[in-house]
Amino acid sequence: MRLVTRRVHMNKCNCRDNRQITLDRDFNVPDAKPDALSIMKEQGSIQIEEVRMVEGKANVKGELVFQILYAVDGEMPVSEMNGSIVFEEAIPLSCADRDDELTVTAVIEDLRSEMINSRKLGLKAVLTLEVAAETVCDGEGAVDLEDADNVFAKKNVLDISQLMFSKKDTLRVRDEWKIPGTKDAIGQILYSDIRLGEINSRMNENELQVDGQAHLFVIYLSDDENPAMNFYENVIPVEGKIDCNGCDTGMVAQVVTGIHSRDLEIKEDEDGESRVLDVELVIDFDIKVYGQEQLELLSDFYSTAWKCSPVYEDSYFENLIVQNKSKVRISGKVEAESDRTPLQIWDVSGEIRIDRREQKENGVQVEGVVDVSVLYLTEDERIPLASVKGTLPFEQLIEAEGIDENSNIWLRGTLEQISGTVAGDNEIEVKAVAALELIAFERIEAPIITNYETEEIDWKARSREPGIIGYVVQAGEELWDIAKAFFTTKESIMEINHMENETVKEGDILLILKELYGAD
């Protein structure tokens, strides 16, 4: 007799933990930059350079890349300063193994800058780093028997999700626009910002189809004898395909995106004016693709001709319960300073933070905030631009039937749209659309058969046993268990007891006929 085994490729999350860190650094304004009069806004992104296991801890190295927009007293109204803060943090992961794949999710919880003096700016950031230790492993278990005479098998069907594909890739997007005639030609770019908006993905045959958009915002000085400050904004279409060999439309993709790099260039139009903006954007994609299937595992077997005992080992499987993308509309007002009345909104940006999630009977209750930054034009000719920050809370129930406290939940929030309008003398109304994506897996820990042990039956002793006995069914017993205990078959018991089906209950009395299949 031989066991027929089957491998299942799985992605198992062994453990995860998080750590909040604070970065605080002062920076000198570069000599080539003008003096700072006041800070207007700041933005940042986290780049993880390395993560590895060292003595039971995940050692995370990375840097916070930042950009500060500040007001200038002079012909150039604003300027920007770029920089980075390198960090290294050790996060305990006692249940992780050196060979585990470590995934880091980094979130900027708070980012603030201050002006120490006209040539020195300070930056303070609070970051949350979450590290997950995952094992990409092959679970192997028996699914059938070969060359097995007088052997009777019992099987169990599991709904499982198998990791079919894992890949990190990039998508390059390029576009260009001509500044309309109603705006001045570009003399010098003072500040630029590119951020991702709504990014959708779907599985096709052997590829991931991506479509969405990014947002471009630029502040520039006009190409005139007396330069004036102006701004330009537009939407960058994001479209493309990423190779995912072996995948198909029935599979589920878990996708995380981020901006890897960007390049902005000014070009001349057909009239020789600097009116063309050429943008090249490289987007990072972290992709995991799961396929659903039913796995029929061998759960028990016995022989009527000899004693055999299956050998079990614990194994781990996951089954996708739900994938749901829920959109929430968020609105609120932020108040400008009393002496900085907004005349025109130039740019509104924001970052979504998930502060709390709670499992409910029919889903996951999510609470969080959108940190908003609004850049607007004022009447002040000396410092024409001003900014104001605010926080807009939100809550949303993401429907997710079937999850429980043991479910492996992946939750991610992205800000797809944000805009602002002047609502009063010193009020700005902000509206945003956020997407909350939830993927939940059921954790299945099941014993699988990996081998078996055999032993000869004492047929002489068996021959001295009664030829027919009466048996009282015990609590929790199935017909299979009774047939196995008496070296007979379900069919034999059903025939002698005139049973129409296999159902038995506690207290039933069955007649069992002794059968000597292996006796000489």
Side-chain angles (χ1 to χ4, degrees), residues 28-43 66-83 113 115 118-119 121 174-195 213-237 262-281 336-337 339-349 373-388 419-422 428:
N28 293 321
V29 176
D31 294 339
K33 296 286 185 178
D35 288 356
L37 186 63
S38 64
I39 290 177
M40 311 191 71
K41 68 176 295 184
E42 61 283 305
Q43 61 184 13
F66 67 87
Q67 185 179 20
I68 299 176
L69 176 68
Y70 63 90
V72 175
D73 187 10
E75 294 182 359
M76 184 186 295
V78 297
S79 184
E80 68 174 349
M81 188 176 80
N82 301 305
S113 57
M115 196 177 78
S118 62
R119 302 303 299 174
L121 307 180
R174 190 167 187 172
D175 207 344
E176 66 176 29
W177 306 273
K178 183 176 180 181
I179 304 295
T182 54
K183 290 183 175 286
D184 299 325
I186 301 173
Q188 179 184 353
I189 292 179
L190 303 178
Y191 175 81
S192 64
D193 180 24
I194 299 177
R195 52 186 178 265
Q213 61 183 29
H215 180 77
L216 168 72
F217 173 73
V218 174
I219 300 176
Y220 66 92
L221 286 178
S222 63
D223 188 16
D224 296 328
E225 188 173 328
N226 298 310
M229 186 173 61
N230 213 325
F231 78 96
Y232 178 76
E233 61 179 346
N234 213 323
V235 171
I236 307 170
R262 61 174 203 168
D263 187 44
L264 182 62
E265 184 181 354
I266 306 171
K267 294 182 177 180
E268 294 183 349
D269 63 7
E270 62 274 9
D271 298 324
E273 293 187 306
S274 300
R275 287 187 172 274
V276 177
L277 281 175
D278 186 294
V279 176
E280 185 174 74
L281 184 65
E337 297 178 17
D339 58 343
R340 308 287 285 167
T341 302
L343 298 179
Q344 182 187 19
I345 305 299
W346 275 30
D347 183 51
V348 183
S349 60
S373 178
V374 181
L375 189 66
Y376 62 92
L377 186 68
T378 73
E379 292 180 337
D380 191 337
E381 293 183 359
R382 182 167 172 255
I383 309 177
L385 285 182
S387 66
V388 61
S419 62
T421 56
V422 178
I428 299 169

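As the structure is a computational prediction, the values presented were derived from the model and not from experiment. Worth knowing before you read on, the calculation uses all heavy atoms, side chains too, and leaves out hydrogens, waters and symmetry mates.
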- Query: So, S274 side chain and G187 main chain: donor-acceptor pair closer than 3.5 Å or not?
  - Reply: no
- Take R262 and S192, measure what side chain to side chain contact (heavy atoms under 4.5 Å, CB included) needs, and give me the verdict at the end. CA-CA 11 Å; R262 61 174 203 168; S192 64; 3.2 Å; yes
- For the atom pair CG (L281) and CG (D175), what is the distance rounded to the nearest 0.5 Å? 10.5 Å
- Could you walk me through whether L264 and L277 pass the side chain to side chain contact (heavy atoms under 4.5 Å, CB included) check? CA-CA 7 Å; L264 182 62; L277 281 175; 4.0 Å; yes
- Query: Quick one: CD on Q188 to CD1 on I266, what's the gap to the nearest 0.5 Å?
  - Reply: 8.5 Å
- Message: Using a 3.5 Å distance criterion without hydrogens, assess whether the side chain of R275 forms a donor-acceptor pair with backbone atoms of K183.
- Response: yes
- Note on the structure: For A36 and M115 the tightest heavy-atom approach is O-SD, 3.5 Å
- What is the distance from atom OH of Y70 to atom OG of S113, rounded to the nearest 0.5 Å? 12.0 Å
- Query: Is the shortest heavy-atom distance from the side chain of I236 to the side chain of W177 under 4.5 Å?
  - Reply: yes
- Taking the side chain as every heavy atom from C-beta outward, state whether L221 and P77 have any atom pair closer than 4.5 Å. yes
- Message: Between I345 and T421, is there a side-chain heavy-atom distance shorter than 4.5 Å?
- Response: no
- Query: Closest approach of V72 and V78, non-hydrogen atoms and distance?
  - Reply: CG2-C, 3.9 Å
- Check whether any side-chain heavy atom of I179 lies under 4.5 Å from a side-chain heavy atom of E273, and answer yes or no. no
- Task: Check for a donor-acceptor pair, side chain of D269 on one end and backbone N or O of D271 on the other, with a separation under 3.5 Å.
- Result: yes
- Message: To the nearest 0.5 Å, what is the distance between CG on N234 and NZ on K178?
- Response: 14.5 Å
- Query: Can Y232 and N230 be counted as having a side-chain donor-acceptor contact under 3.5 angstrom?
  - Reply: no
- Within the side chain of E337, is there an N or O that forms a donor-acceptor pair under 3.5 Å with the backbone of V388? no
- Task: Would you indicate whether the side-chain heavy atoms of L377 and L385 approach each other to under 4.5 Å?
- Result: yes
- Message: Check whether K41 reaches the backbone of V374 with its side chain - one donor and one acceptor, N or O, closer than 3.5 Å.
- Response: no
- Note on the structure: Residues V348 and R195: closest non-hydrogen pair is O-NH2, 2.8 Å
- Between D224 and P227, is there a donor-acceptor pair closer than 3.5 Å when you use the side chain of the first and the backbone of the second? no
- Can you tell if the side chain of I189 reaches within under 4.5 Å of the side chain of I219, non-hydrogen atoms only? no
- Backbone N/O of D184 and side chain of Y220: donor-acceptor pair under 3.5 Å: yes
- Message: So which atom in L37 and which in R382 form the shortest heavy-atom distance, rounded to 0.1 Å?
- Response: CD1-NH2, 3.6 Å
- Taking all atoms of both residues into account, what is the closest heavy-atom pair of I428 and Y376, and its distance? CD1-CD2, 3.9 Å
- Item | Side-chain heavy atoms of F231 within contact of Y191, under 4.5 Å | no
- Query: Between the side chains of T378 and D380, is a donor N or O closer than 3.5 angstrom to an acceptor N or O?
  - Reply: no
- How many angstroms lie between CG in N28 and CZ in R119, if you round to the nearest 0.5 Å? 8.5 Å
- Query: Are E80 and D193 side-chain neighbours, meaning at least one heavy-atom pair lies under 4.5 Å?
  - Reply: no
- Query: Just wondering, are more than 12 heavy atoms of other shown residues or ligands nearer than 6.0 Å to CD in Q344?
  - Reply: yes
- Item | Atom of V29, atom of M81 and distance for their closest heavy-atom approach | CA-SD, 3.7 Å
- Task: Might you confirm whether atom CD of E270 has over 12 heavy atoms from other residues, nucleotides or ligands at distances under 6.0 Å?
- Result: yes
